[in-house]
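The chain is numbered in sequence order, starting from 1. All ligand and atom numbering here is 1-based and tracks the order in the structure. Everything numeric here is computed off the predicted structure, so don't read it as measured data.
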Amino acid sequence: MIGTGYVGLVSGVCFADLGNDVVCVDKDISKIKLLEKGKVPIYEPGLSELVIKNYKNKRLTFSSNLKKSIKESDIIFICVGTPTKKGGSSADLTQIYNVAKEISISINKFKIIVTKSTVPVATGDEIEKILLKKNSKKKFSVVSNPEFLREGEALRDFIYPDRIVVGSNDKRSNRILKSLYNPLISKGASYIHTTRRSAELIKYASNSFLATKITFINEIANLCEKTGVNIEDISIGIGLDKRIGSRFLRAGPAYGGSCFPKDTKAIVSTADKFKTNLSVIKSVIKSNENRSNLLLNRVYEILNKKIKKKIITFLGVTFKANTDDMRDSSSMKMIPALSKKGAIIKYFDPTGSKKEFEKIKNVSYENSIKKSIMGADLVIIHTEWNDFKSINFKNLNKGKKFIIYDMRNIYTPSKIKIQGFKYFSIGR
Ligand code: UDX
């Protein structure tokens, strides 16, 4: 597994747990040293226990020696980052191509090279070209095997996937990958063999569709607020249609994370390159980017446009629950904007204080819910951590009554209102 980030480490550990010999490689030696001590640099429930178990039984090893690891492996998974290009919208494939060059000079027997990183359509062809410069085409096969792991549920999503997608242009590599995944297939996972390019596109189309579904329900929630309708009735009412499905219909703040924002932009830029206009996904990107401003305007209304010196508490700042990931979290837009308007922001998050807010004026981390809401004028529920689901606000609220703005609809409005709080939420 080349790259021990979120995808490489989770997939590597799970492959080891299925009985394979796995080496996770990273050029960051300090990371490798930490991993060898069982210290996992990412917050993923259950991951460190699995790392320690498989490291102890020697199925899992760590290395910073890429050449040696490649020579000793039969299947090589490329799991390096493909972030959005700075100032652009396409995927930055520098790390992918650097790894491909390394592999091309280390092929000592037949290898299967698998891109698990999310890569634009036809990247596999480019990797193939790099390898062909130094190797005959009989010495390797380049395969696409995208991951569908959600942060916070990654282990479950690997072990119980809805489907395994393998894109290759030859039977041999498909046979080998199918046997690698056999333990999951025999437990009911669907296995799809397709061409390499279609596997690459399935990943982008999948994430873009999920982002579209969320943006759709978020915009319907806006209409609900104007028409006095409860968005949860809509989610249930449409979700029971099997063609729509009830998951991913929870209205909330703008979606974030390391995937939806990156992948929607990347597929649009790929389409532009191929002279195709993905107008729906373009509007999803625009709608989501505007959503934080929409919710900020709601905050200004709730506080009667008097923001200066107001104390606003954020309960949760990560992009969703069960992760410490701040990438593209909507709090990254809302907190600086409120601070600029003169508000005093306090925040609590179960995963601790965030470096992202260290340089922002009047923003402070409190290490308990109680301390974070002390003296607040407005308490915003930004992330749907379980820790917030049964707070007894009445007991916690000693001084002036604060207002609650529940951006994740985790409370029942009537229950909060009978405690005497002014309560706002999304689409209700
Ligand atoms: C996503 C895809 O789900 C996963 O399959 C892919 O491999 C990587 O990207 P992830 O980004 O970890 O996973 O998080 P996800 O659970 O999909 O949530 C993404 C964003 O959508 C979050 O900001 C979340 O809060 C938001 N969301 C999700 C909603 O607002 N409502 C929902 O109903 C679901």
Side-chain angles (χ1 to χ4, degrees), residues 5-8 10-11 14 42-45 47 79 81-84 91 115-119 145-158 160-165 199-200 202-222 231-232 234-236 238-239 244-267 284-285 287-289 291-292 294-295 316-334 349 381-385 388 406-410 425-427:
Y6 174 64
V7 173
V10 170
S11 309
C14 290
I42 50 175
Y43 181 102
E44 187 58 48
L47 185 59
C79 307
T82 55
T84 306
T115 50
K116 194 163 261 304
S117 305
T118 302
V119 292
N145 171 222
E147 50 77 24
F148 299 101
L149 308 176
R150 288 169 296 160
E151 294 192 19
E153 330 266 341
L155 296 177
R156 192 177 312 123
D157 286 348
F158 189 98
Y160 304 103
D162 287 342
R163 76 304 199 185
I164 296 157
V165 174
E200 290 166 338
I202 286 171
K203 171 66 187 175
Y204 279 103
S206 182
N207 266 6
S208 304
F209 186 84
L210 291 169
T212 303
K213 194 172 182 186
I214 292 166
T215 304
F216 173 81
I217 204 68
N218 282 340
E219 290 200 343
I220 296 292
N222 299 337
I231 185 63
E232 288 168 342
I234 308 296
S235 299
I236 293 166
I238 65 173
I244 296 173
S246 53
R247 294 173 65 186
F248 270 62
L249 283 175
R250 293 190 319 275
Y255 62 72
S258 60
C259 300
F260 287 179
K262 158 175 87 71
D263 294 350
T264 45
K265 286 183 197 130
I267 192 172
V284 164
I285 293 168
S287 172
N288 190 63
E289 279 172 355
R291 186 155 184 80
S292 295
L294 211 74
L295 268 57
V317 288
T318 54
F319 85 91
K320 66 169 189 172
N322 302 318
T323 180
D324 62 353
D325 202 336
M326 287 296 288
R327 283 175 288 185
D328 271 315
S329 174
S330 47
S331 65
M332 301 271 280
K333 273 197 190 146
M334 290 199 266
D349 190 284
I381 310 293
H382 174 270
T383 310
E384 69 289 11
W385 286 97
F388 307 146
D406 177 3
M407 294 186 176
R408 295 289 186 166
N409 290 349
I410 61 173
S425 57
I426 301 283

For [atom], what is the nearest protein heavy atom, given as residue, atom name and distance?
atom	answer
atom 1 (C) of ligand 1	Phe260 CE2, 3.5 Å
atom 17 (O) of ligand 1	Phe248 CZ, 3.2 Å
atom 34 (C) of ligand 1	Arg250 NH2, 3.5 Å
atom 26 (C) of ligand 1	Ile214 CD1, 3.9 Å
atom 23 (O) of ligand 1	Gly256 N, 2.9 Å
atom 4 (C) of ligand 1	Leu149 O, 3.5 Å

(request) Indicate yes or no for a side-chain donor-acceptor contact from Glu44 to the backbone of Glu153 under 3.5 Å, with no hydrogens or angles considered. (result)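 Yes; at least one donor-acceptor contact below 3.5 Å.
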
(message) Taking Gly252's backbone N and O only, do any of them form a donor-acceptor pair with Asn218's side chain (distance below 3.5 Å, no angle check)?
(response)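 Here the side-chain-to-backbone pair exists.
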
For [X], take its heavy atoms, then give the atoms of ligand 1 lying under 4.0 Å from any of them.
X	result
Lys203	6 (C), 7 (O)
Leu249	33 (O)
Phe319	11 (O), 12 (O), 14 (O), 22 (C), 23 (O), 25 (O)
Cys259	8 (C), 9 (O)

(request) Check whether more than 12 heavy atoms from other residues, nucleotides or ligands sit under 6.0 Å from atom CZ of Phe216, and answer yes or no. (result)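 No, because the 6.0 Å sphere around CZ of Phe216 holds 12 heavy atoms or fewer from other groups.
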
(request) Tell me, yes or no, whether the heavy-atom count around Tyr43 atom OH, taken from other residues, nucleotides or ligands under 6.0 Å, exceeds 12. (result)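 Count over threshold, so yes.
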
Testing the 3.5 Å rule here: is there a donor-acceptor pair between the side chains of [X] and [Y]?
X	Y	value
Ser206	Arg163	yes
Arg291	Asn222	yes
Ser117	Thr115	no

(request) Would you mind finding which of Glu151, Met407, Arg150, Lys320 brings a heavy atom closest to atom 14 (O) of ligand 1? (result)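 When every heavy atom of Glu151, Met407, Arg150, Lys320 is considered, Lys320 comes closest to atom 14 (O) of ligand 1.
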
(message) One thing to verify: whether Lys203 and Glu147 come together as a salt bridge, which I'm taking to mean a side-chain N less than 4.0 angstrom from a carboxylate O.
(response)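 Salt bridge present between Glu147 and Lys203.
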
(message) One residue to check: Glu147. Relative to ligand 1, which of side chain, backbone, both or neither has a non-hydrogen atom less than 4.0 Å away?
(response)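 For Glu147, the contact with ligand 1 is made by both the backbone and the side chain.
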
(message) Looking at Phe319, I'd like to know if the NZ or CZ of Arg327 sits under 6.0 Å from its six-membered ring centre while staying within 45 degrees of the ring's axis.
(response)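 So Arg327 doesn't make the cation-pi contact.
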
(request) Please confirm whether Arg408 comes under 4.0 Å of ligand 1, counting heavy atoms of the residue only. (result)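 Heavy atoms of Arg408 do come under 4.0 Å of ligand 1.
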
